[in-house]
Novice: 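Let me give you the structure first, and then I'll get to my questions.
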Amino acid sequence: MATPAAATAPSMPAAAPAPDLAALKTRQQAAWSSGNYAVVGATLQIVGEELCEAMDLKAGSTVLDVAAGNGMASLAAARRWCEVTSTDYVPALLERGRARAAAEGMTMEFREADAENLPFADNSFDVVLSTFGVMFTPNQDRAASELLRACKPKGQIGLANWTPDGFIGQVFKTLGKHLPPPAGAKSPALWGTRARLTEMFDAGASSVKAESRLFNFRYRSAEHFLDVFKTFYGPVLKAFAALEPARQEELHNDLHALIVRMNRAGNGSLVVPSEYLEVVITKR
């Protein structure tokens, strides 16, 4: 029989269950393998170019592009006569990158690779890049440590990460209202905050510089944007596929309202600025 003290002692709250990062990675890989991210990725090319300029990339540098998609930053580095290795865990996106490189006469290496377990020796590259890629890894700390490990001492890590309050951050918050993320999983948009970057990189870096930038999504209309993202952008495609038709309509309406609210085109087309952090980290 319980003693009176035991009977009246307040119960301790149950600890939140740890997220199943392996299962989350499997779902994410399936999401990015669906649709065709290359259709969206090709429109973001200017971000890779501006990141390479912000890093003052030098010809002859060895460059690793992590979670490269269809090679946005890879191509930007190759145009600056760097020795580029472009990696992703979605083989179809690497094939798109190969096709783009071949069309432009660019020579680079392509490797299938997991951002949380890069198949390269310590201190292998002068520069490590990731544009809207590594931020989506389930195990954020592990991915950050891999970027640092692959980079040479005094080398640079360059990132472009969507912010929580920018347009794409708001898109993901809207998706989360209709399809909540797994309990305990960290938001990808944390990579777009200076506080989280400091947590992940400060111990291994001599400097972490982050500047707010805007990328303008330019589409024919709000409906055109939604059609492209529902068809080709894996996370949005999968979110709609997971919902019943009535819930799909609600999500469509919420996203449409967000897009219209942020549209500044003024002529019937669509121009939506989306904030991201342009990050340049110098390894110790």
Novice: Hey, does the side chain of R96 reach the backbone of A92 with a donor-acceptor pair shorter than 3.5 angstrom?
Specialist: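 The answer is no, because no donor-acceptor pair under 3.5 Å joins these two groups.
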Novice: Start with the C-alpha gap between L75 and M108, add the side-chain angles, then the distance that decides, and say whether side-chain contact (heavy atoms from CB on, under 4.5 Å) holds.
Specialist: CA-CA 9 Å; L75 285 167; M108 65 180 79; 3.9 Å; yes
Novice: Tell me if a side-chain donor or acceptor on R80 pairs with a main-chain N or O of A59 at a distance below 3.5 Å.
Specialist: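 No, the answer is negative, given that no donor and acceptor are paired below the 3.5 Å cut-off.
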Novice: If only atom types and distance count, is the side chain of T193 paired as donor or acceptor with the main-chain N or O of A189 below 3.5 Å?
Specialist: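 The answer is no, because no donor-acceptor pair under 3.5 Å joins these two groups.
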Novice: Do you know the tightest heavy-atom contact between A38 and L93?
Specialist: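 Nearest pair, atom of A38 first, then L93: N-CD2, 3.8 Å.
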Novice: Could you give me the CA-CA distance, side-chain angles and deciding distance for K152 and K283, then say whether side-chain contact (heavy atoms from CB on, under 4.5 Å) is met?
Specialist: CA-CA 7 Å; K152 292 179 180 178; K283 183 176 172 179; over 6 Å; no
Novice: Run the numbers on Y219 and D227 for side-chain contact (heavy atoms from CB on, under 4.5 Å), then give the verdict.
Specialist: CA-CA 10 Å; Y219 284 77; D227 286 346; over 6 Å; no
Novice: Please answer: with hydrophobic residues joined when any side-chain heavy atoms are less than 4.5 Å apart, are M72 and F125 in the same cluster?
Specialist: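 Yes, M72 connects to F125 through the hydrophobic network.
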Novice: Hey, quick one: are F110 and L64 part of the same hydrophobic cluster, counting side-chain heavy atoms closer than 4.5 Å, chains of contacts allowed?
Specialist: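 Cluster IDs for F110 and L64 differ.
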Novice: Can a salt bridge be assigned to the pair K230 and E223 using a cut-off of 4.0 Å between side-chain N and carboxylate O?
Specialist: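 Between E223 and K230 there is no salt bridge, as every charged N stays at least 4.0 Å from the carboxylate O atoms.
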Novice: Under a 4.0 Å threshold between the charged nitrogen and the carboxylate oxygen, would K25 count as salt-bridged to D114?
Specialist: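 Looking at D114 and K25, the cut-off is met.
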Novice: Could you walk me through whether I168 and F217 pass the side-chain contact (heavy atoms from CB on, under 4.5 Å) test, one step at a time?
Specialist: CA-CA 10 Å; I168 292 296; F217 284 95; 3.7 Å; yes
Novice: Taking all non-hydrogen atoms of both residues, which atom of V128 and which atom of A150 are closest, and how far apart?
Specialist: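 Taking V128 first and A150 second, the nearest heavy atoms are CG2-C, 4.3 Å.
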Novice: Cluster partners of L214, using ILVMFWY side-chain heavy atoms under 4.5 angstrom, listed by chain and number?
Specialist: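 Besides L214, the hydrophobic cluster comprises nothing; the residue is isolated.
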Novice: How many angstroms lie between atom CD of Q140 and atom CZ of R142, to the nearest 0.5 angstrom?
Specialist: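 Taking CD in Q140 and CZ in R142, the distance rounds to 14.5 Å.
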Novice: First locate atom SG of C151, then atom CG of N123, and finally report the distance between them rounded to the nearest 0.5 Å.
Specialist: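 Going from the SG atom of C151 to the CG atom of N123 covers 8.0 Å.
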Novice: Within a reach of under 6.0 Å around CZ of R196, are more than 12 heavy atoms found that belong to other residues, nucleotides or ligands?
Specialist: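 More than 12 heavy atoms, drawn from other residues, nucleotides or ligands, come within 6.0 Å of this atom.
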Novice: Could you report the tightest heavy-atom contact between C52 and A73, atom names first, then the distance?
Specialist: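 That closest heavy-atom pairing would be SG-O, 4.3 Å.
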Novice: For V279 and L197, which heavy atoms make the closest approach, and how far apart are they?
Specialist: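 The answer is CG2-CD1, 3.6 Å.
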Novice: Could you verify whether a donor N or O on one side chain and an acceptor N or O on the other, from S61 and D126, lie under 3.5 Å apart?
Specialist: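 The criterion, which ignores hydrogens and geometry beyond distance, is not satisfied for D126 and S61.
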Novice: Check the pair R100 / Q45 against side chain to side chain donor-acceptor pair (under 3.5 Å), numbers first and verdict last.
Specialist: CA-CA 12 Å; R100 294 181 77 190; Q45 185 61 45; 2.9 Å; yes
Novice: Spell out, yes or no, whether F132 and L94 are grouped together once hydrophobic residues are joined by side-chain heavy atoms under 4.5 Å, including indirect joins.
Specialist: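 No, separate clusters.
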Novice: Distance check, rounded to the nearest 0.5 Å: H224 atom NE2 versus S269 atom OG?
Specialist: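 Reported value, rounded in 0.5 Å steps: 11.5 Å.
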Novice: Please go through L21's hydrophobic cluster and name the other residues, only I, L, V, M, F, W, Y counting, with side-chain heavy atoms under 4.5 Å joining them.
Specialist: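 Taking Ile, Leu, Val, Met, Phe, Trp and Tyr as members, L21 stands alone, with no cluster partners.
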Novice: For the CG atom of N161 and the CE atom of M135, what is their distance to the nearest 0.5 Å?
Specialist: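 Answer rounded to 0.5 Å: 5.5 Å.
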Novice: What are the two closest heavy atoms between N263 and V271, and how far apart are they?
Specialist: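 Closest approach of N263 to V271, heavy atoms only: OD1-N, 2.9 Å.
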Novice: Check the surroundings of atom CD in E109: do more than 12 heavy atoms from other residues, nucleotides or ligands lie under 6.0 Å from it?
Specialist: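 Counting other residues, nucleotides and ligands, CD of E109 exceeds 12 neighbours.
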Novice: Of the non-hydrogen atoms in P182 and L24, which two are nearest, and what is the gap between them?
Specialist: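 Nearest heavy atoms, P182 then L24: CG-CD1, 3.8 Å.
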Novice: Please evaluate residues F136 and F172 with respect to the criterion ring pair (Phe, Tyr, Trp, His ring centres under 6.0 Å), reporting the C-alpha separation (whole Å), side-chain torsions for both, the decisive distance (0.1 Å), and the verdict.
Specialist: CA-CA 12 Å; F136 292 101; F172 277 96; 5.6 Å; yes
Novice: Regarding K173 and D165, does a basic nitrogen lie under 4.0 Å from an acidic carboxylate oxygen?
Specialist: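 Salt bridge present between K173 and D165.
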Novice: Is there a chain of hydrophobic side chains (I, L, V, M, F, W, Y, each step under 4.5 Å between heavy atoms) that links Y233 to L44?
Specialist: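 Yes, Y233 connects to L44 through the hydrophobic network.
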Novice: So how far is it from T137 OG1 to Y89 OH, rounded to the nearest 0.5 Å?
Specialist: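 Reported value, rounded in 0.5 Å steps: 8.5 Å.
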Novice: Verify the cluster assignment for I281 and L51: are they in a single hydrophobic cluster under the rule of side-chain heavy atoms below 4.5 Å apart?
Specialist: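 As far as the 4.5 Å side-chain criterion goes, L51 and I281 are not connected within one cluster.
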